[in-house]
Every structure is written in C-alpha cells, then in structure tokens.
Q: 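Okay, here's the structure, questions in a sec.
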Amino acid sequence: MPSKAFSVGEIVMGRWPGGHLYYEVQVMGYNKNTQLYTVKYKDGTELNLKENDIKSLNFFKMKKSSSGSRQRSRSRSRSPARTQTPKQSNSRGKEPRKLVEKEEVRTVDISKLKSVHQIQENSTNSKATCVTDYTGEKEKNKIYRLVEQKTCKEIVTDQLGLYNLQAKKEEAKLVNLEAKDGHLHAKKQAVQIQELGFGARVGMTKSAAVMIFLLPAILILLLLMCTQDDPSILNFPPQIPHPLALWNSTAFGIFVLWFLFQALLYMLPVGKVVDGVPLANGKKLKYRINALYAFLMCAVVLGVALYNEVNLSYICDHLLQLALSAMMFAFLFSIYLYARSWRVPADDLAPEGNSGSYVYDFFIGRELNPRIRNFDLKYFCELRPGLMGWVVINLGLLFAEMKVQNSDVPSLAMILVNCFQLLYVLDALWNEAGILTTMDIVHEGFGYMLAFGDLVWVPFVYSLQAYYLVNHPNELSWPLALAIIVLNTVGYTIFRASNSQKNAFRRNPHDPKLAHLKTIPTATGKSLIVSGWWGFVRHPNYLGDLIMALAWSLPCGFNHILPYFYVIYFTCLLVHREARDEHQCRKKYGVAWNKYCQQVRYRIIPYVY
Ligand code: NDP
C-alpha cells in the first residue's frame, strides 16, 4: 500500500472532480482502505479525492518559476485558484517574476462557485475559451467571472489530464492541431494505460474476452434447455446440435429486415424532438421521441400479417437460428462501432471505454453517442429492434404454444407472461424520454456489451418464460394468477413511480409538484432526493423491477429453475449495476453522497440489502 503523501491539516491544491481545475483545500483526513483523502474547500464543501488529484502548493509555484515566460502564463490558466485580467495576459513574457507573485496571492473565493466550468473550443482560430461561472450579484459576477484565452495546446493538455503544468516539447508537438485527427486518442490512451498498470489491463482484457464468448454460449444453452422434455439442471448440458443446423440464412435475412424496418420507423419525422442531458463538453444532443408510434406501426403490420395467415410460430421453430443471426449481427455491428470510434474526437468517447485494452474497450464501448448524421445508433438500439422484437417473439411463442398443446386458446400462464412483459415494453416506449437520463445513455459507451444486450439478450433471454411454457405447460389456478397479478402491479407501481419521480426532478428540480421532497444539495449544483421513493431505498426503481421479474417467472410454476433464470440473472445485474452507479455517484457527489447513504441505509431491498 503506498504511503500517505499529505498530512491532515495541510493546505494543498485539490482537483475539482470531473474537471481539470485545482482549488486550495485543506486535508481533513485519509482513509487507508479506500486510499482517499477527505479535503475541505474554502466554501466548506468536503469531498474525497484520490492522491493523484491533489498537488502540493509548491507544485504550482515550482512549475511557474522553473519554466519559460510563455509556459508560465500557460500554467496560470491551469489553476482555477488564480484569476487573470486581460492586461496580465498581455504581459505574458514581459515581467515573469512579478506575474508569478501576483498569481500566488490571487485566489478565487469558491463559495461563489455555482456550477463549475465549461470549456468551449473554438476550432476556427485554434483558441478556446474557458469560462468559470459564479453566482452572486452582477458586480461580483464581473469580478469572479474568469475568461481565459487558452491555446488549443493547453486545452488538449487539459483533456489529457496531465498535471504537469509546463508544456513539454513532445506535448507541444502532440497537441498541435493534429490532436483532432486521432493523436489525442493515442496520447490519452497512453496516459490511461500507464495509470492502469499492466496487471489491471490484463485482467480487464481477460474478463472482457470471456464475456464476449460466454454470453452467446449461455444464451444457446438456455434455449436448448427449453426444448428438452426434462429441462432439469441434472440434464445439463443439453445436446448441442451441429453448428450448420444452427445457421439459417432466411432467419438472418428476417433479422436484418426487422432491424432495417425499425430504422425506417425511427427516421419517420413524427413525434417531438427533445434535448438529452448535457454532455461533458456542455453540448446537448437532440433525440426524436417516436418509439410508441413505431410500435403502433409494427402492431398494424403484425395484424395484417396475422390476417393473411402468416405463420407466427415460425419464430418458435427457428428461435435458435434467429438468436444466432442476432448474435452474428450484433458482433459485426460492434466491430463497426469500434472501428468508427477511432475517428471521433476525444470529447465523444465514453469515460470507461478508453482503458487502453483493445478487447475491453471493444466490449464496453468507446464512443458515447455514435451517430450517423442525426441517427443515434445507441438510442435506437436501446428501445426498438430488441425491445419490440421481444414482444413479437412472445406473440410467436403464444401461437406456438396453442399449436404444440393443441389448444384453441393460450394458457393462462402464457397470457400473463405476455401481458406483463407487454406492459413493461409499452411503459418503456411511453416513457421513451426517460431513457435519456439513464446510465446507458449518459455514461456507457456503445460497444459489444450494449449491442449484444439490446439486440440479442433482451429479446431472446427475456422471452425465456414464454419459450419454456410452449413445451412445459403449467396449470395456473385463478387465485394464484390473481396473487401474481397483484405482485406485478406492486412491482410496476414502485418501478414507474420512482423512475418518474427522479426523471421529473432531474428535468426540473423547481417543479412545484415536487416541492414536498426533501433534498440534499451537492457541490455540483444538482441535489439528491432524500425522501419519497428515493428516501425509501437508494434504488427503488431496481426493487420494482426485481419484483416484476419474479412475477414474470411465477406463472411457469415450480417444477424447474430454468424459467427463474431471468430473476437470478437480473438480481446479479442490478446488484452489479447498483455498485457501479454508487461508485460513480460517490465520485460525483462526494460528501453529499455519503450523507445520502447515511440517511437512506439500504441499497435495493429495505432491511435486507
Ligand atoms: P437509475 O435510473 O437509477 O439512475 C441512477 C442515477 O440516478 C444516478 O447515477 C444519479 O444520477 C441519479 N440518482 C441516484 N440517486 C438519486 C437521488 N437520491 N436523487 C436524485 N437522483 C439520484 O439507473 P439505471 O439507468 O441503471 O436504471 C433505469 C431503469 O432501467 C431502472 O428502473 C432499472 O431497473 C431499469 N433497467 C432495466 C434493465 C433491464 O434489462 N430490464 C437493465 C438496466 C436497468 P445523476 O445524479 O447524475 O442524475
């Protein structure tokens, strides 16, 4: 374990989380386990920082006094604790020593800090403007408003996250305007590779490689298990058919056509266009909200197909081949996504998808919002081909059940599974805009993980209960069916109400309808809800989702664990997701998040977890 570099009580410069600016802070404590320092800013905000994000006061002074005049003025722009008037900026290189002295005493009162900063690059003149916004009266705004002209080089160095305030010769070469055509990525990655360490990278590469092959294997095994007369764990593994029997070009063609049909519906100029949440560079992307219209169009097409006696049980007969086609498509699509991510500016990359491990980055996704003109590939895949495909597969399985069981009507269990899951999909489509604030859209890159999840895992794994019921009917009594309906309703209510509450609050925290909610302010300017659903547990939406997952499996009875795969997998997924979100929130909100966790003790299940 590395030794502690800063002592309690010491005044140092702390990096503002998520930014590149440093402020004067006092070290309040050090946690050996997390290896985080608790530091206090001048406005009283306490945050936990990594050692890398802390510099001694001398660090800044030394850089200035040891560098040439040009670099000295540059170093000034790196420290937010220093202001700069246009006059001083003109004096670059003229009175170096004097300038340093002035800088050292000029410290911005960050108690006036509202939302940290925005960096806007002006590519036409290779300059960028760094604006720090402060609250307070107009006059104070003038005093505290900091507008620095930075060269492209400085901004790029900022983006690289290099703490060395002295621009080195090699960096100067690197950040020249070539940064735009990909050198920036290489440098940024190189820095991250160094930070990660060899062992960590090998571990990440291995686990990503395993997942890339494990997920398709699990899906194929699950589907094969469902076709067994006795799908018990004792009969595992099922007999694997010849690979050629798994491939079917017609099935692949159907999948591609389905994808293109959905793309066409997505492009229809119907539905309103809304803004996404601001990106790290301050920009907001536009998204068209028309998934529900697309679904209605699909329903019409499906109705016409059924009227014309199109055999929907084809889906059941070729489910394995369709799943394999979707896998192949998702894999090729991920290669395309990975390849194109090397041509986009650094700004467009996802924070986690740039580790330096090629396999890991391919898996987790490099580009945050890959778009072909206005066509947002990630947003499109999240709700359309897979989610609507799931409903169509369920319907096909319902018809197949009637055929296999030689019945004129589907079983009660099959009806419940179809209805519950249809409600879930309709809810997602109805609340399409809500997805814009989820982790997938805001933080995750679009790579194999999401492409496979959206296009393969959701439609083919989530329909497992219906597939199971085709060959393993379960007589459901009405009282039991009613109990399951109540359970699903409870789950749905928690899920919907909590998601809506958070979405409404994030969209407009001053909404009078939300005035009753207690909140904790955070140093980022956003607040955390600490009452209502979000005061019940820290992820009430996950709780509701899990209750529904259970309600979808119960109609299949208790003979086998196979239809409960979804609940088990989903619990693991949400526990893992919760941990990742927790990590992100702690990084983002620091002490405020800790306060929230103290007040709302349970993560997902009250008194249990
Ligand atoms: P959430 O919608 O729960 O979003 C988490 C974010 O909410 C945090 O990062 C934080 O972001 C904000 N937040 C957390 N706590 C608070 C609080 N107290 N007050 C205000 N904001 C808070 O996460 P997901 O995107 O993971 O899930 C969205 C939905 O999708 C869930 O219902 C989940 O169950 C479902 N889901 C379904 C899956 C499926 O396969 N069926 C898979 C994954 C998710 P910030 O502060 O930046 O706004």
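Position 1 is the first residue of the sequence; numbering continues from there. For ligands, and for the atoms within them, numbers begin at 1 and follow the listed sequence.
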Q: According to side chain to side chain donor-acceptor pair (under 3.5 Å), who are the partners of T571, at least two apart in sequence or on a separate chain?
A: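 By the side chain to side chain donor-acceptor pair (under 3.5 Å) rule, T571 matches no residue at all.
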Q: Parallel, tilted or perpendicular: which describes the rings of Y424 and W390, with under 30° parallel and over 60° perpendicular?
A: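 Ring orientation of Y424 relative to W390: perpendicular.
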Q: Not counting sequence neighbours, which residues clear side chain to side chain donor-acceptor pair (under 3.5 Å) with Q501? List them please.
A: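 Residues passing side chain to side chain donor-acceptor pair (under 3.5 Å) with Q501: none at all.
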Q: Residue by residue, ordered by chain and number, which ones reach under 4.0 Å of ligand 1 with a heavy atom?
A: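 Lining ligand 1: Y424, T438, M439, Y462, F495, N499, K502, R506, K526, L528, I529, W534, H539, N541, Y542, D545, F570, L573, R577, D581, C585, K588, Y589, W593, Y596.
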Q: List in chain and number order the residues that pass side chain to side chain donor-acceptor pair (under 3.5 Å) with Q321, two or more places apart in sequence or in another chain; answer none if no residue qualifies.
A: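 Once residues adjacent in sequence are excluded, Q321 has no partner under the side chain to side chain donor-acceptor pair (under 3.5 Å) criterion.
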Q: Give the C-alpha distance, both sets of side-chain angles, the deciding distance and a yes or no for salt bridge (Lys or Arg N to Asp or Glu O under 4.0 Å) between E582 and R586.
A: CA-CA 6 Å; E582 174 99 3; R586 180 153 285 123; 3.6 Å; yes
Q: Taking F460 as the fixed residue, which of L324, L320, L455, L219 is the one that meets the side-chain contact (heavy atoms from CB on, under 4.5 Å) rule?
A: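 Result: among L324, L320, L455, L219, L219 is the only option passing the side-chain contact (heavy atoms from CB on, under 4.5 Å) with F460.
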